[in-house]
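Below is one structure, written out as structure tokens; the observations come after it.
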Amino acid sequence: MAHVCIHWFRKGLRLHDNPALMSALRGCKEIYPLFILDPCIHNKESMGVNPWRFLMGSLQDLDGSLRKLNLRLFVVRGKPQDILPQLFQKWGVSRMTYEYDTEHYSRSRDLKVSELAKEHGVEVVYKISHTLHDVDRIIEENNGKAPLTYGRFQTVLKTLGPPKRPIPSPTVEDIKDVKAPCVESHEEQQYGLPSLEELGHDLSCLQEAPFPGGEEEALRRLEESMERTGWVCSFEKPQTAPNSLSPSTTVLSPYLTFGCLSARTFWWRLADVYQGKKHSAPPVSLHGQLLWREFFYTASVGVPNFDRMLDNPVCTQIDWDTNPEYLSAWKEARTGFPFVDAIMTQLRQEGWVHHLARHAVACFLTRGDLWISWEEGKKVFEGLLLDGDWALNAGNWLWLSASAFFHQYFRVYSPIAFGKKTDKHGEYIKKYLPVLKKFPVEYIYEPWKAPLSVQKAAGCIVGKDYPSPIVVHEVISKQNIQRMKTSYGKRSQGVSQSPQPTKVAEKRKGPSVLDMLKNKKKKK
DNA sequence: TATGGTGTTGTGTCG
DNA sequence: ACGACACAACACCAT
């Protein structure tokens, strides 16, 4: 029996390495490639103009690639649990496929939708292809808990072997028996692509996108990076500059977030480049970066309430301040610290900043200077970043605020010194904060220290044309280290008093490969 | 159960 | 230019 099938695109906005799409095409007589604009995700508040534009571009590219196969993308608007049952009926659907998504929201949504599909006699098939591995298996192999250190994570990964090889894109041959429905009245039936204006963003401040969305651009960008074999083999993340004028890293993260690029395609492409050459290794290598992604994905699945402080068993409980003035100043790039403000400006304009730049501003907002909860910072990043991946964003905020994973809270980034290491002359600051363009080099990181005559000559008076610093970093950061110490003190008391997390972790049935290795060692 | 080594990416100072 | 060290001392993991 041939199927009428919906392939539901959510992430995974690509044709290459898309096993769910492939299984949609198998034994299929009619296919509806579908994207749902979900008001819970795609709204003005949680999605800023840049990520929205990236999504638009990705959908456009996807539709273009589908057209080459004589198919079209169907875009509909509404809650999936309302929309899908209607479509099941309207189109006479017998099968639905999608890529597995580990995010909390997605999992509960998919659970609901699967129930509805069952009621409508629709078979649901999903495949894992957003992550390198099945993260539930990683947790299982680690006795039901997510590894909390990278080292431990790597040990567990070794028992799983390399990720699966990516599969190729479907070809005309793969769809020769598949009928493309409703091609003619596509726009009239309101299945057309959304417009940039649809969310009601202000588009006037929009510059040309430095990182346009889409699978084609993702694969082009991948190849562009992989051509530099020497650079790829010697890549060490901590050695790359956060404030270079053009990115010092691949900027493939947005394409991974939306699934325009398959992580497994990237991983195996790197393995090709490494082949037979001396190369850097995790955690600092490019392979290592993909493993960090996997690490946080795993943690986000294994840790309850991963994206908040309360009832999060791995998160240090800290008495963060509520300070709307400080928060706005940080968000709107008016802290008075040029390095911080330049980063926040680039973030707003381009939707991407270097990982270490994120460190600097995240540390500044939380434990370093402003003592504002990492959850606030997380929300701001989510709206602005093209690669605002739920798991990675929450995980890195936990890390930077020394709430989980990272605990050396006395290592505080200086908003003055850190940037100087890789940009002595403050070129980066001058690019993103043109108001400071004429400031002499010796004051570019600390304009408030310049004598008034110098400020006048530079055409920029601190406190008038550019804000005065909102805190005295040298003083506040020392106080905050003490506050961290207090929070950590309470933490170690709390752990011994309160029982383990209420949720009982699912343990694997037999001994894990790790257990067996352990036993083997013991016998020796 | 105790203990010592380690941790992707700090700063500032000294030599 | 670069390494060593103090800062003050954490959590996690292997043994």
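Order of the sequence lines sets the chain letters (A, B, ...), proteins ahead of strands, with each chain counted from 1. For clarity, every value in this text was computed on a predicted model and none was experimentally measured.
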Side chains of [X] and [Y]: donor-acceptor distance under 3.5 Å anywhere?
| X | Y | result |
| --- | --- | --- |
| Tyr432(A) | Gln349(A) | no |
| Arg367(A) | Tyr413(A) | no |
| Tyr466(A) | Asp341(A) | yes |

Using a 4.0 Å cut-off on protein heavy atoms (strictly under), produce a 5'-to-3' string for nucleotides 7-12 of chain B with B for base contact, S for backbone-only sugar-phosphate contact, and - for none. BBBBSS
Can you tell me how far [atom2] of [N] sits from [atom1] of [X], to the nearest Å?
| X | N | atom1 | atom2 | answer |
| --- | --- | --- | --- | --- |
| Tyr409(A) | dA11(C) | OH | C1' | 11 Å |
| Leu398(A) | dA11(C) | CG | P | 16 Å |
| Arg367(A) | dC10(C) | CZ | P | 15 Å |
| Leu148(A) | dC10(C) | CG | P | 19 Å |
| Asn480(A) | dA8(C) | CG | P | 16 Å |
| Lys478(A) | dA8(C) | NZ | P | 10 Å |

Before accepting this row, confirm whether a basic side-chain N of the pair Arg10(A)/Asp101(A) lies closer than 4.0 Å to the acidic partner's carboxylate O. no
Across all chains, not counting sequence neighbours, the ring-ring contact (aromatic ring centres under 6.0 Å, His included) partners of Trp268(A) are none
Pick one: which of His354(A), Arg221(A), Glu350(A) meets side chain to side chain contact (heavy atoms under 4.5 Å, CB included) with Val251(A)?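 Single pass found, and it is Arg221(A).
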Quick one: which of Thr250(A), Leu270(A), Leu261(A) gives a side chain to side chain contact (heavy atoms under 4.5 Å, CB included) with Leu222(A)? Leu261(A)
If we take the [atom1] atom in both [N] and [M], what is their distance in whole Å?
| N | M | atom1 | answer |
| --- | --- | --- | --- |
| dA9(C) | dA2(B) | P | 22 Å |
| dA8(C) | dG7(B) | P | 24 Å |
| dT8(B) | dC7(C) | P | 25 Å |

Can you give the dot-bracket line for DNA chain B, using ( ) for pairs inside the strand, [ ] for pairs that cross earlier ones, | for pairs with another strand and . for unpaired bases, where Watson-Crick and G-U count if both distances are under 3.5 Å? .||||||..||||||
Any chance you could measure Phe295(A), atom CZ, to Phe405(A), atom CZ, to the nearest 0.5 Å?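 The distance works out to 5.0 Å.
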Any chance you could measure Ser403(A), atom OG, to Arg308(A), atom CZ, to the nearest 0.5 Å?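 Atom-to-atom, Ser403(A):OG and Arg308(A):CZ are 14.0 Å apart.
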Val314(A) or Ile481(A), whichever maps to the more 5' nucleotide of DNA chain C: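 Closer to the 5' end of DNA chain C: Ile481(A).
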